[in-house]
Every structure is written in C-alpha cells, then in structure tokens.
Amino acid sequence: MAAGIDSCMFCGNHLGSDIDHFRPKSRFPLRTFDWDNHLLVCAECNRRKGDVFPGLIDPTTEDPFDHLHLQLADGRYLALTPKGESTIDILKLNVRRLPEARALARRTMAGLLSCWRSCRDVADKDGMAAVAATIREQPFAVVAQAMLRQAVHPDAELLLRESPGTLRLLRDKELRATLLTPPPG
C-alpha cells in the first residue's frame, strides 16, 4: 500500500518498526513464517490492526486503489468499497495528522516533478534517475501513485486544478513509465 524506504505499509507516514502477520498467528499458525504474510508496519498500525482478518486491504495481493481514493487536495482517503472503509476505520488512516502529511507529500511531489523536468530539459539522465528514485523512496510514495493515476482520469483537470503544470508532467509518457508501479497480484 505505502511504498518508500522503511515506511509503514499501511499508513505510509511512520517508520516501519514492526513486522505484522497479515493473517494473524493466532488464527493461522502455519503462516507464521510465510514471507508473504509479513508486512513492515509502524507500531501504531500494528497495534490497531491486531488480529483483524479478513476485512483489510492486503497490500501484497490487492491494489489499494481498487478500495481507496486519495483526495489530493486535503490528503484524506475516501472508501470505494467496504474493505476500504474497514481499512480506513481500523487503521485510522484519516487521523493522526496523516491527511496533512499526505497533502505536504503532494506539494513535495510537485516540486520533485519540476526538478525531473529540468533535468530532462538539459538531458541529465542521472539527475532524472535520482529524482525518480527520490519520488519512489519518499514517505507517502503512495501519493505519487495516486497523482499518476488521477492524472489520466476524465476529471483530472478538476482533481489537479491547482497545478496544471504538474498535470502535464503527470501525463508525460516517459515519466509515467519510470514511476507508475503496476498493481500487486
């Protein structure tokens, strides 16, 4: 769900400090040592999730964007499905200043995209690669993925109205090929 270096796979903001067993050890003891069942999460999300299963988005097998819509303007998640609603509610994805941090990540992303364009304008391939790596590895890298996906939505001009230059960049084929991650599964 949340890419980035050592970021919590659920909230994306905090440092991943715990290993969560997505399928709880208490109910699925044979999955205790299954790598596909281990998620890097923060202590808060690990505590909140507890033994909840099923009902949450499994970031290793499901595309979170099938269940959640990120409002870029305010950083809040909207549920698209009951599983999305459960994930937001149980993990408290719209509290703890998380929406504010996602909105900041959106503004940071716009600046990074401008840097990427500047590097491309002077044919600085190393600079372009460095900016792309920074975008993929930042906390809340999920914001970048939401921006890329929403840029091709029919209402993109409305969704990204405050930054038309960013919208043009988000639609750039080279940038999209570099940054857009395929959904899990």
Side-chain angles (χ1 to χ4, degrees), residues 1-24 38-113 134-163 166-167 170 179-185:
M1 262 170 64
I5 293 180
D6 296 335
S7 295
C8 172
M9 289 185 75
F10 288 129
C11 74
N13 184 41
H14 300 94
L15 183 64
S17 57
D18 292 9
I19 300 298
D20 174 58
H21 292 84
F22 186 73
R23 287 164 186 79
H38 296 171
L39 302 178
L40 181 64
V41 299
C42 69
E44 284 186 60
C45 284
N46 197 24
R47 181 180 49 77
R48 283 189 165 104
K49 180 192 166 278
D51 281 352
V52 173
F53 182 84
L56 295 179
I57 300 167
D58 181 349
T60 65
T61 62
E62 296 177 275
D63 185 351
F65 293 104
D66 289 342
H67 304 280
L68 301 170
H69 171 78
L70 179 59
Q71 297 182 131
L72 295 172
D74 66 3
R76 296 183 65 76
Y77 277 117
L78 297 177
L80 300 174
T81 65
K83 191 178 275 193
E85 188 172 335
S86 295
T87 301
I88 291 168
D89 290 344
I90 291 167
L91 298 174
K92 308 290 186 225
L93 296 181
N94 285 332
V95 297
R96 297 181 291 157
R97 300 191 60 168
L98 292 173
E100 292 172 41
R102 286 187 210 105
L104 174 61
R106 180 189 48 80
R107 293 189 302 274
T108 301
M109 174 71 174
L112 288 168
L113 289 173
T134 300
I135 291 170
R136 279 191 300 272
E137 296 166 358
Q138 71 169 321
F140 288 119
V142 70
V143 173
Q145 294 302 306
M147 292 174 76
L148 287 160
R149 289 173 184 230
Q150 290 179 29
V152 296
H153 188 275
D155 293 328
E157 283 81 11
L158 182 61
L159 295 170
L160 295 160
R161 67 181 165 268
E162 65 276 343
S163 51
T166 299
L167 178 57
L170 290 166
L179 291 178
L180 193 60
T181 58

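- Put simply, CZ on R106 and OG1 on T166 are 8.5 Å apart, with the number rounded to the nearest 0.5 Å.
- Between G55 and S86, the shortest heavy-atom distance links the atoms O-CB, 3.2 Å.
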Checklist line | Test log, rule side-chain contact (heavy atoms from CB on, under 4.5 Å), inputs Y77 and L91 | finding: CA-CA 12 Å; Y77 277 117; L91 298 174; over 6 Å; no
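- A cation-pi contact, defined as under 6.0 Å to the ring centre and within 45° of the axis, links K49 to F22.
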Note to self: side-chain contact (heavy atoms from CB on, under 4.5 Å) for H67 and T87? Distances and angles first, verdict last.
What the structure shows: CA-CA 9 Å; H67 304 280; T87 301; over 6 Å; no
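- The closest side-chain heavy-atom distance from L40 to I19 is below 4.5 Å.
- Among residues at least two apart or in separate chains, salt bridge (Lys or Arg N to Asp or Glu O under 4.0 Å) pairs with a member in residues 67-85 are E62-K83.
- Evaluated for a side chain to side chain contact (heavy atoms under 4.5 Å, CB included) with L68, the options L80, T81, I88 yield exactly one hit, I88.
- Across L93 and P99, no two heavy atoms sit closer than the pair O-CD, 4.3 Å.
- In this structure H69 satisfies the side chain to side chain donor-acceptor pair (under 3.5 Å) test with no other residue, sequence neighbours excluded.
- One distance of note links CD of E137 with OG of S7; it measures 10.0 Å at 0.5 Å rounding.
- A donor-acceptor pair under 3.5 Å is formed between the side chain of Q150 and the backbone N or O of L70.
- How far CG of N46 is from NE2 of H21: 9.5 Å, rounded to the nearest 0.5 Å.
- What you find for G84 and A79 is that their closest heavy atoms are C-CB, 3.8 Å.
- Here SG of C11 is found 8.0 Å from CZ of R102. Values are rounded to the nearest 0.5 Å.
- Using a cut-off of 4.0 Å between Lys/Arg side-chain N and Asp/Glu carboxylate O, R23 and D58 are scored as salt-bridged.
- Interatomic distance, CG of L112 versus CD1 of I135, reported as 5.0 Å (0.5 Å rounding).
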Next item on the list: List the steps, then state whether side-chain contact (heavy atoms from CB on, under 4.5 Å) holds for D20 with F10.
Entry: CA-CA 10 Å; D20 174 58; F10 288 129; 4.0 Å; yes
Margin query: Evaluate R97 against L104 for side-chain contact (heavy atoms from CB on, under 4.5 Å), listing each step before the verdict.
Written below: CA-CA 11 Å; R97 300 191 60 168; L104 174 61; over 6 Å; no
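- Using a 4.5 Å cut-off on side-chain heavy atoms (C-beta onward), N94 and Q71 make no contact.
- For the atom pair CG of L179 and CG of L113, the computed distance is 7.5 Å after rounding to the nearest 0.5 Å.
- Looking only at side-chain heavy atoms (C-beta outward), D63 and R149 come within less than 4.5 Å of each other.
- Summarising the geometry of A156 relative to A151, their closest heavy-atom pair is CB-O, 3.3 Å, with the distance given to 0.1 Å.
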